[in-house]
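Take a look at the structure below.
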2 protein chains.
Amino acid sequence: MKSTIRDVAKYANVSISTVSRVMNAPDTVVEEKRVKVLEAIEVLQYQPNGFARGLIYKKSDTLGVMIPDIENPYYAGLIRGMQDAAVMLNHSLMICNTDRDKKRTIAYVQTFFEKQVDGIIFTSDSLHEEYYEEMQRYRLPFVLASTNAPEYDIPSVDIDDEQGAYEAVKHLIELGHRRIGMISFPLGHTISGEPRYAGYKKALLEFGIVHNTDEIEFAEHRFEHAYEASERLFARCSELTAIFAASDEFAMGVISYLRDHGKSVPDRMSVIGFDNIRMAQMFIPKLTTIDQPTYDIGYRSVEKLHELITNGEVAVLREKLPHQLVIRESTRMI
Amino acid sequence: MKSTIRDVAKYANVSISTVSRVMNAPDTVVEEKRVKVLEAIEVLQYQPNGFARGLIYKKSDTLGVMIPDIENPYYAGLIRGMQDAAVMLNHSLMICNTDRDKKRTIAYVQTFFEKQVDGIIFTSDSLHEEYYEEMQRYRLPFVLASTNAPEYDIPSVDIDDEQGAYEAVKHLIELGHRRIGMISFPLGHTISGEPRYAGYKKALLEFGIVHNTDEIEFAEHRFEHAYEASERLFARCSELTAIFAASDEFAMGVISYLRDHGKSVPDRMSVIGFDNIRMAQMFIPKLTTIDQPTYDIGYRSVEKLHELITNGEVAVLREKLPHQLVIRESTRMI
DNA sequence: ACCTTTTCTGAAAACCTTTTCTGAAAACCT
DNA sequence: AGGTTTTCAGAAAAGGTTTTCAGAAAAGGT
């Protein structure tokens, strides 16, 4: 059986208060007893019970994290950053993979609440009203990582998607491309759909290129969908010379499609991605892309959540981290 | 403030025992009071406190998971499987990324213990003696996922690495290759290093090919290391026509190296990987590889841990799940 | 030597739940 | 109607810790 503070007290011939003090304020107990207690702790392998402590401190030093799709490598960097920040703050992470399933997400909020997490980090995906209400219901502090919610005042940390997309497309234009297609996220229910599309349009507009809505095609989140979307897009528009893909995974889907149909990238077509996931530099060709500081977004988001938990508020509500154009091999001068 | 059972009791004009009963054995309390209590619960948004419950039930319904490197996509499938199994069992997962750091790993075992996880899943990586002792010290039930420990009697679920490697190399041989190099994990401190190397040797031996120790090169776990290892290997052995890479990530490293030096795969060199991570079918060329049922390994490992926790023992100690050769584009007839 | 302050320790309450035990009321039986 | 069983609800203990409070002993001051 696990040993308790009582066992330690008995073994060391002191009261439990003394044992507790040895652990929490060692200098208030006289040396002689202190060493006896320490010895007892060592012998009995005593470790305080987190439940009992939680009951008193009313906190678990645990943070809940919602990930929409853990197989998407984009989240790996995010998680690493969060983890490192958590370690620094002496906290633990409870991670849950929602699979973008509403029921599951809401069920997890409840679990988190019952397990007394101190707060929740919500990554990517747009914040449905239901989620928001669920969080409000339980009054759980939470922050948004790699997404934001324009309609609510919720702390968030992400990047400027529109600006990133703008720079990506601008890069293509500066390379001489004029017929530029896009593989976008669906516009409605996805958070980076709108702004990245807006950035694309903005760049075209700025360089006086007419935007033809034919030249955009939509895909859900995965490689396969982008592959299929490419098929539809190229069937419709044959004169495209470059593609702006809303994510690196999409870019890989596009390139795979092109390769399967005998068009090499970047010789016959330039493709730029978004995110700079680790695979971007492992892929052949290495992807030109917009780098997101995923590690930092993760790190900052737990710092921010911690700030929110301890202060009840947050110094800056919506935090935008810097992105960066990374030029590799998948784009070239026309 | 969070409402407690006391608040509900007061609101519903009953004792706290009754409230508790409504939640845990509803049919032992008369209808009239039951609805009042239910109503109070709804109004006050009451949710029982996990700490208090944990104190009584002596369990948290939470499992700890150790992942060596969360950025390695291999673990994504594993985690999904674990998560799904956990949801089915009404448990939560506390995931920690060890970065293969001993101090951090041990610190995490302590945290897990204090937070009263019911058990731990240890993934990949070999089980150092220190870890084993730490687990013993705390008497925490644990299982090994995607690794095993020949020297200890610990429940594990993984695949037959040697057989998998054997089949991979056999495939190469059947394709007509005779000069087959290998990019291996380091032999000493890594769990799949030895058996995959053994499988490689076994296949060569079986087909009467002399095994030249020159033709193997070692790399740590990542793409970059495999890239560098390729450089060393090809500098030494120029007549190789095929490579057995100990992981898909290694295979991608090898292929990238070859591509950067003008040798296309599979035309000039066949490369086979191991794992069948999601990227294997996204890569160009798509990787021929040995499929590991990562999802199932994850799923089974939490089932197994649960079995161990509830029964104190486990029906089958070392569980081997089936692997499978998946032929794609990175290998071809010589 | 006596009084005051400081240091140190233990008892007990508090945190929130579940569960056992006990007793009151209701239901059942003859 | 009287006695027995069953149903139901509340009081209280238990689970392991921290912390407040009070008191005893030691130290300090005159």
Side-chain angles (χ1 to χ4, degrees), chain A residues 1-38 40-41 44-62 110-111 113-118 138-139, chain B residues 1-41 44-62 110-118 138-139:
Chain A
M1 240 356 358
K2 276 175 186 167
S3 43
T4 73
I5 200 172
R6 204 155 253 110
D7 303 325
V8 178
K10 195 170 293 177
Y11 190 98
N13 247 313
V14 296
S15 75
I16 59 168
S17 324
T18 303
V19 178
S20 177
R21 270 186 285 259
V22 169
M23 311 208 62
N24 301 302
D27 31 322
T28 67
V29 26
V30 81
E31 167 130 21
E32 178 209 2
K33 306 212 173 192
R34 201 188 333 151
V35 300
K36 272 204 300 181
V37 169
L38 255 14
I41 288 176
L44 300 176
Q45 292 288 340
Y46 170 71
Q47 188 93 12
N49 181 318
F51 292 140
R53 294 189 127 186
L55 213 43
I56 289 169
Y57 291 135
K58 293 175 186 318
K59 58 182 187 139
S60 57
D61 287 352
T62 302
Q110 287 181 17
T111 306
F113 182 75
E114 197 199 315
K115 300 219 167 142
Q116 312 286 128
V117 300
D118 300 335
Y138 292 122
R139 295 206 200 70
Chain B
M1 239 358 356
K2 276 175 187 166
S3 44
T4 74
I5 199 172
R6 202 155 256 109
D7 303 323
V8 177
K10 194 170 294 176
Y11 189 97
N13 246 311
V14 297
S15 76
I16 58 167
S17 325
T18 303
V19 177
S20 178
R21 268 186 286 257
V22 169
M23 311 207 64
N24 301 303
D27 31 321
T28 68
V29 26
V30 81
E31 167 130 21
E32 178 211 1
K33 306 212 173 195
R34 202 188 332 152
V35 299
K36 272 205 298 181
V37 169
L38 256 14
E39 208 180 287
I41 287 176
L44 299 176
Q45 291 289 340
Y46 171 70
Q47 188 94 11
N49 182 317
F51 292 140
R53 293 188 128 188
L55 212 44
I56 290 170
Y57 292 135
K58 293 175 186 317
K59 60 185 186 134
S60 57
D61 288 353
T62 302
Q110 287 181 18
T111 307
F112 281 161
F113 181 76
E114 198 200 315
K115 300 218 167 145
Q116 310 287 128
V117 301
D118 300 335
Y138 293 121
R139 296 205 199 72

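Labels below follow one simple rule: chain letters A, B, ... track the order of the sequence lines, proteins then strands, and each chain is numbered from 1. In what follows, every heavy atom counts, from backbone to side chain, and hydrogens, waters and symmetry copies are set aside.
Taking atom NZ on A:Lys33 and atom P on D:dA25, their separation rounds to 12 Å, with Å as the unit. Distance CD (A:Glu32) to C1' (D:dA25): 14 Å, rounded to an integer number of Å. The nearest whole Å value for the distance from the NZ atom in A:Lys36 to the P atom in C:dC8 is 16 Å. A straight line from CG of B:Asp7 to P of C:dC15 spans 11 Å, rounded to a whole angstrom. When the C1' atom of D:dA11 is taken as reference, atom NZ of B:Lys10 falls 16 Å away, rounded to whole Å.
Distance CZ/B:Arg53 to CG/A:Leu55: 13.5 Å, rounded to 0.5 Å. In this structure, CD in A:Glu31 is found 5.5 Å from CZ in A:Arg34, a value given to the nearest 0.5 Å. Taking CZ of A:Arg6 as the reference point, atom OG of A:Ser15 lies at 10.5 Å (rounded to 0.5 Å).
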Distances under 3.5 Å between protein N/O atoms and the N/O atoms of nucleotides 16-18 of chain D, please, pair by pair.
residue: D:dT17; atom: OP1; partner: A:Tyr46; partner atom: OH; Å: 2.6
residue: D:dT17; atom: OP1; partner: A:Asn49; partner atom: N; Å: 3.1
residue: D:dT17; atom: OP2; partner: A:Ile5; partner atom: N; Å: 2.3
residue: D:dT17; atom: O5'; partner: A:Tyr46; partner atom: OH; Å: 3.3
residue: D:dT18; atom: OP1; partner: A:Asn24; partner atom: ND2; Å: 3.2
residue: D:dT18; atom: OP1; partner: A:Arg53; partner atom: NE; Å: 3.2
residue: D:dT18; atom: OP1; partner: A:Arg53; partner atom: NH2; Å: 3.1
residue: D:dT18; atom: OP2; partner: A:Ser20; partner atom: OG; Å: 2.7
residue: D:dT18; atom: OP2; partner: A:Asn24; partner atom: ND2; Å: 3.4

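Stems are defined here as 3 or more consecutive Watson-Crick or G-U wobble pairs with pairing distances under 3.5 Å; those involving DNA chain C are C:1-30 with D:1-30.
The heavy-atom pair separating B:Leu44 from B:Tyr11 by the smallest distance is CD1-CB, 3.9 Å. The shortest heavy-atom contact between A:Ile5 and A:Tyr46 is N-CE1, 3.4 Å.
For A:Gln116, there are no side chain to side chain donor-acceptor pair (under 3.5 Å) partners at least two apart in sequence or on another chain.
A donor-acceptor pair is defined here as one N or O able to donate and one able to accept, closer than 3.5 Å; such a pair exists between the side chain of A:Lys115 and the backbone of B:Asp61.
Between A:Lys2 and B:Lys58, every side-chain heavy-atom pair lies at or beyond the 4.5 Å cut-off.
B:Ser15 has no side-chain polar atom (N or O) that falls below the 4.0 Å cut-off from OP1 or OP2 of D:dA9.
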